[in-house]
Amino acid sequence: MDSRYNPADHEEKIYSFWEKSGTFTATSDSNKPPFSIILPPPNANADLHVGHAMYVYEDILIRYNKLLGKEVLWLPGADHAGFETQFVFEKHLAKKDQSRFDFDRTTLFKMIWDFVMKNRGTMENQLRRLGFALDWNKMKFTMDEDVVKIVHKTFKKMFDEGLIYRDLKLVNYCWKDGTSFSDLEVEDKEISETATVEAEGGLFYIDYKIVGESGTIQVATTRPETMFGDAAIMVNPSDIRYTGFVGKKALIPIINREIPIIADEYVDPDFGTGAVKVTPLHDFNDFEVAKKHGLKGPQIIGFDGKLCNTGSDVYNGLRVTVARLRIVTELNLKAVKHKKVLKVCYKCGMTLQPLPKEQWFIKVRPLADKAIEAVERGDMKIYPTRFKKTMIDWLLKFHDWNISRQIVWGIQIPAYFSKKENKWYVYETPPTAEEIEELRLEQDSDTFDTWFSSSQWPFVTLMAQENPNLFEKFYPTSVMETGYDILPAWVVRMTMIGLYVTGEVPFSKVLLHGMVRDSKGLKMSKSKGNVVNPMDMVSKYGADALRATLIFQSKEGGDVNFTEDKIVGMRNYANKIWNIGRFIWLGKQEKGEAPVISSETVSILKELQAEAETVIKKCSNDIDSFKFSRGFDDMYEFLWHRFADIYIEKLKDEIRSGNIEVLDALEKVYGECLKIIHPFMPFVTEAVWKEFYGMDSSILDTRLHNR
RNA sequence: GGGCUUGUAGCUCAGUUGGUUAGAGCAUUCGGUUUACAUCCGAAGGGUCAGGGGUUCGAGUCCCUUCAAGCCCACCA
C-alpha cells in the first residue's frame, strides 16, 4: 500500500470495476425489497456544476440501502432542457452569423439534436467521476422516442378528460427569443436610480379629452405607448373627484378613438391621478378587469416587439421604446421618476411584453387538490419538514399552467387543428395521411413546456424500459431528492401529474438539499467569477473529498458554503482512512510469533468494539432519518480521534510486532467502519477494501453488520 | 404585503426529545514525531450562544419580543 492515498490512482479503475461487474444494475426479479431513486436529470448539453455534486445524498442512500441488502435502483437521465439548450444553440449559430430563422423547423430541430448528441456524454462521465452508483443500462433521455410517446399519451388523456383547454390569455413574451414564459421563468429587474425618466424609469401623465366637453381627464401610466390599445379609463367609484366623469366618454390622444370612463374598486385613488387607463391586451390586471366589464381593446404590440394597429401610420412599426419617446415628445408629457420593477427575459434580459396568445393550459385545481390530500394524508413525506408548508402553499396557489412554448427544441404538442371542422384534435400516435387530408389537419407548431414532460419523469423512466416489470417493482419510487429551489417548478408538478396518471404519489419521500455557495455564502455566478468547477475539485482532491465537503458539518436542507479549506480537510480524512488501513495491513505483513495477549489489551479491544458498535449504529440511524451530516460527523470523529488517536496509539506495539489477535480484532472493527463510511466516501473505502481482500472483492457485496 | 431561514470561537459552521465543563475544521501560539499518515500527533489561548423577557430544578435548545442579515412569492396604472 502506498504511504498516501492518491485518488487519481484509484477512482477511475474502481468506478469501471463497479460498472463492469454490474453491481449498479437493478433487477426486477429479486425477492429483495426495492429501493429506488430517479436522478433529477441534468441538462444533456451542459457540464455539471458543483450543485450537481449534491446528488451525493442520493448516492449515500443508494449505497447504504444496498449494504442493507435491498434491491436498489438509481436511474439516470438527461434533460433536453428546451429553451436553455435552444438558447445556447442560437448563440452558437450567431457565431457563424446565422440565426434560427434561417432554417425550417425540421432542419433546425435536427441541428439541435445533433448538437446535443455530440455533447451528451460529457455530463454522464462527470456523474461517473463523482462516483455515483447509477444504473447506466436504464438511462433515459427526455426526448427518447418511448418517453415522448408516454408524454403524448398523458396529454391525450388529460385532453379527453377535460383537463386541457385552449385559451387566449396574456403571456409574458420575449420578442427576441420568440417565446412565452411561465411565471417561474420570468425575472424581475429593478430599474436603477440612474435610469432616465423617458427610457423606463418614469410615470407619465396623459390628458384625455372628454367627448363633447372642453374638459380633460388625466391618467398616470408607466407605459404611455400602450394608450393606443386602451379600452377604457377607470376610476374608483368612491373617488368624488371623478363622480361626474363616470359614464362619459374620453378620446385617446393622437388617434382620437372614443373610450368609456368607468368605475371599479380596483383603482387606488391615492396612486397617480386616481384615474387609470385600461389596456386589456397588454397588461395582466387590465386583462382581468376588462373581462369583468366586457371591454375590448386592440392588440397594438406585435410578437415582433413592434407597434401595430395603433390607428396611426406614424406609430405602426415602431419599437415599443421608440414609440414611447415619440409620444412623450409629441404630447409633451409631464413625467416623474417612478421606481418600478420590470419583467425581463431570464436569458437575454429583454423587457417582456404581456401579449395575448392562444395557448394550451392545464386545469390545475383538481390535480392540485388531490396532491394536497396526499401530502396531508402523509402518503408523501417531506424532509426537512418545514418544506411541507412550502409545498402545500404552492399547491394552494398554483394557477392554471400554460404548457405551450414557441420553441423548436422540445416535444411538439400532438394537437392538430382541423380546418374542416374548425376544432382541435389530439393524437396519441400521429394521424394517418388520410386523416390529415380528410380533416385538413395542421399540427400546433408549439412544443411542451419542459416541465410538462419532466413532471412525468418518475413513472416515464420506469415505464419506458425494455423490462416491463421495472415499473411494478420500483414504483412509487422511494425518495425524490433534489434542490429546494425546484420544489415549486418540479416536485409540485411531479406530484400532481404522477398522482393523476398512476393514481399513486410518484415517491413516498421528498428530500430537499440546499444550494452550494461560495466561501462567503454568495451565490455562484459567472459574472462574479466565484464559480467552482466540480471536476477541477475532483482532479485536485478526489471525489470523496468533494462529496464529504458537501456533507460534513452541514445542516439539513441548508445551503453549504464551499471553501478550499474544507475540501483539504476532507482529503486529509480520506488519507487518514487509508493510513489506518495501511497500518493494520503493514502489521499483518509482519507475521509475528504467536502472540501473548495481555488482559489489559483484551479490555482495550472490548472497549473499542463496544464504542464502534454504538457509533456505527448511531450513524446508521442517522442515515435512516436523513441526518447525513450528523452520521458522517460522528464517524469522522470516531475513526480519526478515537480509533486512530486513542486506540491504535494504545495498541501500537502489538500492531507493529504483528500480533495477529489484536490485528484481527482491529481489522474487524475497521472493516465495519469502512462499510458505514462507504456511502459517503465510496472510493477510498473500496480502495482499502481491495488492498485487504483482493481486487475482485467489493465492499458493495457485503452487508452492514447487525442490520 | 405574505412566507421561510439565519444570528454560537478570528473565519466557516455543527450542536439530537431541554440535562455535567458549549464542539469541529481552518487560522493563531507552544511542543513533539528516523519506522501508518507532516495530508501527522500532543497541548494552549480564544465564546456574557445577537439583545431583552418568560416557562423550568435546569435553556444555545421551548415560548414571546426587539434588532440585524439573507432567500422565496405576490403587487407595482
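Each chain gets a letter, A, B and so on, in the order its sequence line appears, and its residues count up from 1.
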Lys/Arg cation over aromatic A:Tyr647: A:Lys650, 6.0 Å, 45° cone: yes

Cationic tip of A:Lys588 above A:Phe692 ring, under 6.0 Å, 45° of axis: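 No, cation not above the ring by the 6.0 Å, 45° rule.
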
Touch class at under 4.0 angstrom, heavy-atom based, for [X] against every strand present:
X        : result
A:His641 : sugar-phosphate
A:Val560 : nothing
A:Arg582 : sugar-phosphate

If [N] has a Watson-Crick or G-U wobble mate with both distances under 3.5 Å, name it; if not, just say none.
N     : result
B:A22 : none
B:G1  : B:C73
B:C67 : B:G7
B:U28 : B:A44
B:G60 : none
B:A14 : none

Basic-acidic side-chain contact under 4.0 Å: A:Glu187, A:Lys343: no

According to a strict under-4.0 Å criterion, is [X] in side-chain N/O contact with OP1 or OP2 of [N]?
X        : N     : answer
A:Arg656 : B:U35 : no
A:Lys523 : B:C71 : no
A:Lys576 : B:C41 : yes
A:Asn572 : B:C40 : yes

Distance flag, aromatic centroids of A:Phe271 and A:His338, threshold under 6.0 Å: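 Yes - the distance between ring centres of A:His338 and A:Phe271 falls below the 6.0 Å cut-off.
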
Donor-acceptor pair under 3.5 Å, A:Glu649 side chain vs B:A36 base: yes

Selection from B:G3, B:A14, B:A36 that lies nearest to any side-chain heavy atom of A:Lys652: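 Side chain of A:Lys652 sits closest to B:A36.
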
Steps toward ring pair (Phe, Tyr, Trp, His ring centres under 6.0 Å) verdict (A:Phe287, A:Phe284): CA-CA 5 Å; A:Phe287 185 81; A:Phe284 288 96; 8.2 Å; no

